[in-house]
Amino acid sequence: MASKVSGENDRESALRVSMEEEKNRKTDPKETRERSIIIVGSKSVGKTTMINRFLEKDEKPKPTIAMEYSFGRKAGKSLVKNIVHVWEIGYVASSLISAAMSGSALTHSPHHTALLIMLDLSKPEVLWITFEEILSAVRSALKMSYNSKLINEMIEYRTSDRKSVEKMIDPLPLKTFIIAGKYDEYQDFDLDKKEIIGKTLRGIAHSLGAGLHYYSCKEKILLRKTKDLLSHIGFGAVLAEGKFTSYDKPLIISPGADSFSSIDSQLPYSRPSMILDTIKQTFVVRVPQITRNDESALEDPSNDPNFNEPIIDKLKVQREEEISILLDDMLNGRTQQIPIPDPV
């Protein structure tokens with residue numbers, strides 16, 4: 001009888017230890033062997049190409065309709081390999097971004113999820129509109145994916161390790177980088193235009209507590225620097241911090257390394273929302289934005305009236321609701337988690 005009780009206690013003890021390890025794995029803001037990168041941005045800016053180069057995939061990129069998942073792994077100091085989960089958002093929608101955030105939370109703490117916002121340098125006439133659409137979708141997705149307590153904890157953790165944090169910034173809870181793509185097309189712009197675009201990107205990046213990196217898949221140096229950045233985000237590789245702010249060259253600025261005073265002395269030192277509004281007004285006066293009307297809605301094939309299929313649309317809505325409920329159940333421990341196979 002004593003042996004039977006001992007066996008039960010051993011099992012209970014092992015289960016308790018396993019549950020504690022699982023909890024620590026999903027809450028530890030420092031230690032992890034798994035990380036996630038969520039990439040959202042302008043259409044045809046080169047998101048898939050950048051991912052393929054980072055993961056060393058020799059594949060011809062194709063348009064991402066909704067969301068694509070991929071992964072990579074790299075040997076660390078021990079025999080256990082580090083894993084990076086890459087979620088590419090093809091259509092800017094808070095539901096898709098939230099699905100990626102919730103999916104990443106199944107394997108590790110949200111502290112180890114990074115957000116990459118890709119903007120198209122070659123199309124400054126829609127740059128601010130695109131940024132606003134993405135930021136709005138991201139903020140909605142954050143509220144859908146994490147509770148307010150966790151969001152505040154993540155923001156506090158992000159800002160606690162900085163020697164000095166300007167009171168005006170309004171950092172996103174996730175580690176964030178703005179990747180300004182298609183530099184190869186942008187580099188022929190005149191210096192005045194480069195300066196206003198550069199100041200604008202520096203301003204919004206610093207306001208969000210984000211880093212800023214110019215990128216082009218056709219520029220070897222920029223390609224290498226971006227791969228180094230992704231290796232740092234995805235595998236914890238050491239990244240040399242730097243600050244390159246010459247507007248006639250690619251901008252590279254680490255999170256927290258900039259300041260509003262060095263960007264533009266005319267920026268109001270008040271609430272973050274006023275700073276973004278000031279940056280916006282200055283930019284749109286110099287670079288008028290093109291109103292796209294309902295173009296963004298039509299980019300989603302399901303919104304195109306030419307493909308109106310009531311039965312299929314109804315099934316699509318039903319399936320999206322089922323996925324949302326399933327993710328919520330998994331995150332709250334009400335059902336078995338979807339097993340994620342070990343990468344081969």
Side-chain angles (χ1 to χ4, degrees), residues 32-76 81-93 96-97 99-101 103-104 106-108 112-123 130 134 137-138 174-187 210-240 250-252 299-301 340-344:
T32 185
R33 294 194 180 281
E34 297 191 45
R35 298 174 176 85
S36 288
I37 302 175
I38 299 173
I39 303 175
V40 58
S42 303
K43 185 177 180 181
S44 302
V45 72
K47 298 184 292 294
T48 304
T49 299
M50 184 181 70
I51 294 170
N52 288 347
R53 296 293 180 88
F54 167 52
L55 298 178
E56 297 182 352
K57 290 185 176 181
D58 188 16
E59 298 177 3
K60 184 178 180 180
K62 56 184 179 180
T64 303
I65 301 300
M67 179 170 64
E68 292 286 344
Y69 167 81
S70 54
F71 64 83
R73 66 176 184 171
K74 185 177 182 180
K81 292 191 175 183
N82 294 323
I83 298 175
V84 58
H85 307 273
V86 182
W87 309 79
E88 180 190 356
I89 311 301
Y91 172 70
V92 179
L96 291 176
I97 301 173
M101 292 177 179
S104 65
L106 296 175
T107 58
H108 59 77
H112 303 297
T113 295
L115 174 70
L116 266 59
I117 298 176
M118 289 194 71
L119 299 174
D120 192 338
L121 284 171
S122 70
K123 297 180 179 179
T130 303
I134 294 172
V138 166
L174 298 178
K175 183 183 294 185
T176 305
F177 291 87
I178 293 177
I179 308 296
K182 293 192 175 181
Y183 178 79
D184 55 293
E185 297 183 28
Y186 163 87
Q187 62 182 340
L212 172 62
H213 282 246
Y214 279 14
Y215 166 75
S216 169
C217 64
K218 298 179 180 179
E219 300 282 338
K220 290 184 178 180
I221 295 178
L222 293 182
L223 179 60
R224 178 178 56 79
K225 288 183 178 295
T226 303
K227 289 181 68 175
D228 290 344
L229 173 66
L230 294 178
S231 293
H232 167 69
I233 297 171
F235 297 116
V238 177
L239 180 69
L251 301 184
I252 298 179
E299 288 179 0
D300 183 353
I340 299 178
D342 184 43
V344 294

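Note that this is a predicted model, so its numbers are computed, not measured. Position 1 is the first residue of the sequence; numbering continues from there.
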Margin query: Is there a side-chain contact between Y215 and K225 in this structure, where contact means two heavy atoms from C-beta onward sitting under 4.5 Å apart?
Written below: no

Check: Is there a donor-acceptor contact under 3.5 Å linking the side chains of E34 and H112?
Finding: no

Next item on the list: Quick one: list whatever passes side chain to side chain contact (heavy atoms under 4.5 Å, CB included) with A100, sequence neighbours left out.
Entry: I38, M67, W87, I89

Check: Of the non-hydrogen atoms in A114 and I233, which two are nearest, and what is the gap between them?
Finding: CB-CG2, 3.2 Å

Check: Is there a side-chain contact between L96 and Y91 (heavy atoms, below 4.5 Å)?
Finding: yes

Next item on the list: Spell out, as yes or no, whether a donor-acceptor pair under 3.5 Å connects the side chain of T176 to the backbone of L174.
Entry: yes

Check: Under a 4.5 Å cut-off applied to non-hydrogen side-chain atoms, are L116 and V40 in contact?
Finding: no

Check: Looking only at heavy atoms, which two atoms of M101 and V138 are closest? And how far apart?
Finding: CE-O, 4.3 Å

Checklist line | Side-chain heavy-atom pair L55, S70 within 4.5 angstrom cut-off | finding: yes

Notebook entry, point to check: Between the side chains of H213 and T226, does any donor sit under 3.5 Å from an acceptor?
Noted result: no

Next item on the list: Among residues two or more places apart or on two chains, list those pairs meeting side chain to side chain donor-acceptor pair (under 3.5 Å) that have a residue in residues 46-57.
Entry: T48-T64, T48-E88

Margin query: For K182, give me all partners under salt bridge (charged side-chain N to carboxylate O under 4.0 Å, His left out), at least two apart in sequence or on another chain.
Written below: D120

Next item on the list: Could you tell me the separation between the OG1 atom of T107 and the CD1 atom of I83, rounded to the nearest 0.5 Å?
Entry: 8.0 Å

Note to self: Can you tell me how far apart CD1 (I134) and CG (L119) are? Round to the nearest 0.5 Å.
What the structure shows: 5.5 Å

Next item on the list: Go through the structure and list residues passing side chain to side chain contact (heavy atoms under 4.5 Å, CB included) with L222, not counting sequence neighbours.
Entry: Y183, S216, E219, P250

Checklist line | Qualifying residues under side chain to side chain donor-acceptor pair (under 3.5 Å), relative to S42, sequence neighbours excluded | finding: none

Item checked: Y69/V86 under side-chain contact (heavy atoms from CB on, under 4.5 Å): CA gap, chis, key distance, verdict -> CA-CA 6 Å; Y69 167 81; V86 182; over 6 Å; no

Notebook entry, point to check: Got a second to check how far L106's CG is from S36's OG, nearest 0.5 Å?
Noted result: 9.5 Å

Next item on the list: Nearest 0.5 Å please: distance from the NZ atom of K123 over to the CG atom of L121.
Entry: 12.5 Å

Margin query: I want to check something: taking the side chain as every heavy atom from C-beta on, are I117 and F177 in contact at a cut-off of under 4.5 Å?
Written below: no

Notebook entry, point to check: Closest approach of L223 and C217, non-hydrogen atoms and distance?
Noted result: CD2-O, 4.2 Å

Check: Is there a side-chain contact between M50 and K227 (heavy atoms, below 4.5 Å)?
Finding: no

Note to self: Side chains of V84 and R73, heavy atoms from C-beta outward: is any pair under 4.5 Å?
What the structure shows: no

Checklist line | Parallel, tilted or perpendicular, as decided by the 30° and 60° cut-offs, for the rings of F235 and F54 | finding: tilted

Next item on the list: Nearest 0.5 Å please: distance from the OG1 atom of T113 over to the NE2 atom of H85.
Entry: 9.0 Å

